Structures are given as C-alpha cells and as structure tokens.
*Asks:* 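There's a structure below that I have some questions on.
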Amino acid sequence: MPEGHTVHRLAAAFERAFGGQQVRTSSPQGRFSEAAQLDGRVLLGAEAVGKHLFLPFAPSADVDREAPVVRHVHIHLGLYGSWTFAGDPGFADAHAIGAPRLRMGEQEEELDDGGTAEWRRIVPRPTVRLRIAGACGLADLTGPTACEILDADGRQTVLDRLGPDPLRPDPDGRGRRRFVEAVRRSRTSIGALLMNQKIVAGIGNIYRAELLFRARLDPFVPGRDLSTGLLDQMWEDLVALMTYGARTGRIVTTQPGHREIEARIIERSRGTRQNGDEDPDVVPREESFYVYHRQTLPCRLCGTAVRSADLSARTVFWCPRCQSARSRRASWTREHPAAPWALVPDVDGEAA
DNA sequence: GGGACATGAAGAA
DNA sequence: TCTTCCTGTCCCG
C-alpha cells in the first residue's frame with residue numbers, strides 16, 4: 001500500500017538489482033501471460049512517476065527484427081500490491097536503502113530462503129503476477145492494480161494523466177506552479193484535490209491528512225479560496241516530507257517535540273505498519289503522524305479529539321480545532337500566511 | 001472461518 | 001456517487 005515515495009524507492013531498487021541485466025520473466029499466477037514476451041530481454045532501468053512504475057525492456061533481436069521497440073512494463077500497486085525480493089547476500093545489500101529488509105509494499109521483508117542463498121529454488125506463491133529473476137536475485141509482484149506492457153505512446157498516455165510529482169526534479173518551479181494553479185482554479189475541496197493524481201502525483205491518504213495538518217488547513221476548504229503563498233509552501237513541505245520518505249522508506253511528519261511516548265500505549269494495537277517498525281532507531285509508527293488513523297485520540301498540539309470523515313472515497317483525518325476554517329481564515333487568505341510549519345521547518349534527519 | 005479493513009483508481013450510472 | 005478489482009492481516013466467534 002504505497003504512496004509515491006515507496007514507488008521511487010522501488011525504481012531505485014530495480015535499477016540497482018537488475019539495471020542493464022538480461023532477466024527471466026514469468027507469471028506464476030498466469031494472469032500476466034505477456035511476461036513470456038519479455039523473457040530473456042535486458043531490463044534497461046526503472047522509472048517512477050507518482051505512484052506508477054515503468055520497467056523498460058530492450059528490444060529483442062528475434063522478435064523486433066524490423067523495428068526495435070522498447071516495451072515498458074507499467075505497474076501500479078494500488079491498495080494491495082507489493083514486491084518481494086530475494087537473492088544473494090550481496091544482492092540484498094546492494095539495494096537496501098537505510099534498512100536491510102526488502103519487501104516494498106506495506107512492509108519490506110525478504111523471502112525466506114533458509115539463509116542458504118538458494119533463492120533460485122524459491123517457489124512463488126500462487127498469487128505472484130510477475131516474477132523477474134536476474135543473476136543475483138529475484139523480485140515477485142503480487143496484487144497490483146495494473147501490470148501491463150506499453151509502448152512509448154502508451155507510456156506517454158499514462159504520464160499525460162498525471163500532475164506534477166514532488167519527487168521529480170523541478171529546478172524551474174514549473175511543477176510547483178502547475179500544482180498551485182490547478183488548485184486555485186477549482187471549487188473542489190483541498191482534501192479531495194490532494195488525492196487527485198492530475199493535480200499532484202504521488203500523494204496518498206497519509207500524506208494528504210498529514211500535509212493538511214501541517215498547514216493547519218481544513219480539508220473541506222475549496223481550492224480556489226487558498227492563497228498562492230500558502231500553496232507554494234504546502235508544495236515545498238510536500239517535497240520535504242516525500243523526500244524524507246523516499247530516503248528512509250517511512251512516512252514521518254511529526255516534529256520531535258510533538259511526539260509523546262505515552263501515545264505508544266494507546267496506539268500499539270492500531271495497525272498501520274510501516275517499513276522499519278521493528279528498528280529501535282526510527283520514529284515508531286505511533287509517533288509518526290499527527291492525525292492519520294488517530295481519530296478519537298487527542299490532537300498532539302491542542303488535545304482536541306481528532307476527527308475522521310469520508311472525503312473523495314477515502315477517510316480523511318483532521319483536528320477540528322488546529323485545522324478550523326474559522327480560526328485559520330485570516331492566515332490562508334493572506335499572501336504570506338503565518339505558516340505554522342515555518343516554526344518547525346522539517347522532519348528531523350533520523351534513520352538516514 | 002468469516003468479515004472488516006487497508007498508504008488506490010477506473011468505469012458505470 | 002456507486003461498484004468493482006486486486007491481496008493480506010487482524011479481530012472475532
């Protein structure tokens with residue numbers, strides 16, 4: 001259940017694990033029979049755009065004799081999809097980013113090969129849609145919303161549906177401006193706009209809730225009511241949050257001073273696992289968020305009970321006091337709002 | 001063993 | 001706005 005930061009980590013992992021290598025491809029489940037067309041081709045690299053992953057395969061000398069065509073495997077993990085990696089010890093080390101565990105979906109975890117490096121003999125689970133195997137390891141894909149082969153035009157069609165991705169380089173600020181302008185043109189609520197991948201690509205339900213909290217912004221305020229200054233700062237905040245997520249594999253939005261040890265007791269049983277939960281050096285999940293999945297618990301800042309409601313087919317979480325329309329109106333409509341996060345500018349650098 | 005639920009999105013109505 | 005699809009986990013009886 002990844003948001004965009006996980007997909008960017010995945011792309012980096014594929015690049016390191018298989019980039020430039022001839023690979024074997026198969027569909028143990030049988031529902032991606034086109035995998036056979038790619039078997040034995042060279043995997044050229046990996047590309048992440050929003051929550052979409054593209055794996056380009058080199059033309060095949062046999063099949064593409066007339067016109068060489070790069071085939072892009074387009075993968076979207078949706079709500080349930082995940083990748084599981086297994087391989088030689090060196091393979092695992094090579095693409096571990098801040099954590100040695102490698103399941104890249106809801107959790108990162110290695111397939112158990114009994115520690116004998118006999119990963120080639122691991123029988124895929126019956127639900128594995130796509131297996132990619134290289135010289136040093138393999139990756140198994142289960143439960144994706146999309147797993148298909150596209151040509152260059154097909155890939156472009158997917159990209160054309162997407163707004164700017166905060167994790168793509170944006171040196172001239174074009175991505176940020178596209179985001180700001182799209183929001184300001186719309187009467188739709190900011191909480192719904194943030195989930196629309198045409199407005200901004202890569203945000204999911206956690207980043208939505210947490211970004212709105214950090215901006216002290218009511219999820220139900222129409223986009224057109226927001227100032228350019230506020231939206232510029234929200235974009236910058238998103239870049240910082242997602243960059244941290246891509247680096248560590250974890251979403252952490254709370255400032256250190258806002259985390260409470262006693263919250264562990266309350267939330268220990270509430271689910272929402274993240275990569276690295278078992279690592280004592282990272283921020284535990286029950287201290288990672290301000291509002292996500294904290295409905296009925298006291299707001300970390302003001303103690304008011306966090307609320308939840310449906311908003312664009314997903315549950316949104318917010319503090320009705322810190323994010324109250326009435327109390328914040330003055331600051332969002334000003335061109336230079338007193339941005340709350342300016343006081344506590346970024347998540348700290350633990351778990352690098 | 002059943003049901004609820006989950007970091008998602010497309011297509012029908 | 002609704003239904004559907006994809007899988008795994010946890011809680012309950």
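Being a predicted model, the structure only gives us computed values, none of them experimental. Lettering follows sequence order; numbering is per chain, from 1.
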*Asks:* Are A:E181 and A:R184 within salt-bridge range, i.e. N to O under 4.0 Å?
*Replies:* no
*Asks:* Atom NE2 of A:H76 and atom C1' of B:dT7: how far apart are they, to the nearest Å?
*Replies:* 11 Å
*Asks:* Do A:R294 and A:Y292 have side chains that approach each other closer than 4.5 Å (heavy atoms only, starting at C-beta)?
*Replies:* no
*Asks:* Classify A:R129 by what it touches in the nucleic acid, base, sugar-phosphate, or nothing, heavy-atom distance under 4.0 Å.
*Replies:* sugar-phosphate
*Asks:* Mind checking whether A:F18 and A:F85 have parallel, tilted or perpendicular rings, split at 30° and 60°?
*Replies:* parallel
*Asks:* Mind calculating the distance between CG (A:L130) and C1' (C:dT7) to the nearest angstrom?
*Replies:* 16 Å
*Asks:* When the distance from CZ of A:R208 to C1' of B:dA6 is rounded to whole Å, what number comes out?
*Replies:* 14 Å
*Asks:* Going by the ring pair (Phe, Tyr, Trp, His ring centres under 6.0 Å) test, which pairs reach into residues 143-201 of chain A, not counting sequence neighbours?
*Replies:* A:F179-A:W235
*Asks:* Classify the nucleic acid contact of A:T127 as base, sugar-phosphate or nothing, counting any heavy atom under 4.0 Å across all strands shown.
*Replies:* sugar-phosphate
*Asks:* With a 4.0 Å limit, can you tell me whether A:K51 has a side-chain N or O closer than that to the phosphate oxygens OP1/OP2 of B:dA9?
*Replies:* yes
*Asks:* Separation of A:L141 atom CG from C:dC6 atom P, in whole Å?
*Replies:* 14 Å
*Asks:* If you look at every strand shown and take non-hydrogen atoms under 4.0 Å, does A:E210 touch a base, only sugar-phosphate, or nothing?
*Replies:* nothing
*Asks:* A:M195 has an atom CE; how far is it from atom C1' of B:dA6, in whole Å?
*Replies:* 12 Å
*Asks:* Can you give the donor-acceptor pairs under 3.5 Å from side chains of residues 31-38 of chain A to other protein atoms, not counting sequence neighbours?
*Replies:*
none

*Asks:* Which value, in whole Å, describes the distance between the P atoms of nucleotides B:dC5 and C:dG13?
*Replies:* 15 Å
*Asks:* Grab the CH2-P distance between A:W83 and C:dT7 for me, whole Å please.
*Replies:* 14 Å
*Asks:* Distance check: side-chain N/O of A:R161 vs OP1/OP2 of B:dA9, anything under 4.0 Å?
*Replies:* no
*Asks:* How close or far is atom P of B:dT7 from atom CE of A:M242, stated in whole angstroms?
*Replies:* 16 Å
*Asks:* Nearest to the side chain of A:Y80 - B:dT7, B:dG8, C:dT7?
*Replies:* C:dT7
*Asks:* What nucleotide, of B:dA9, C:dC6, B:dA10, holds the atom closest to the side chain of A:R31?
*Replies:* C:dC6
*Asks:* Could you work out the separation of B:dG1 and C:dC6 based on their P atoms and round it to a whole Å?
*Replies:* 22 Å
*Asks:* Rounded to whole Å, please give me the gap between CG in A:L77 and P in B:dA9.
*Replies:* 11 Å
*Asks:* Within less than 4.0 Å of OP1 or OP2 of B:dT7, is there a side-chain N or O belonging to A:H293?
*Replies:* yes
*Asks:* Please state the C1' separation for the pair C:dT9 and B:dA9 - nearest whole angstrom.
*Replies:* 22 Å
*Asks:* Could you work out which one of C:dG8, B:dG8, B:dA6 sits closest to the side chain of A:R314?
*Replies:* B:dG8
*Asks:* Please pick, from B:dA6, B:dA9, B:dG8, the nucleotide with the shortest atom-to-atom distance to any side-chain atom of A:Q197.
*Replies:* B:dA9
*Asks:* Using the six-membered ring wherever Trp is involved, compare the ring planes of A:Y290 and A:F213 and label them parallel, tilted or perpendicular (cut-offs 30° and 60°).
*Replies:* parallel
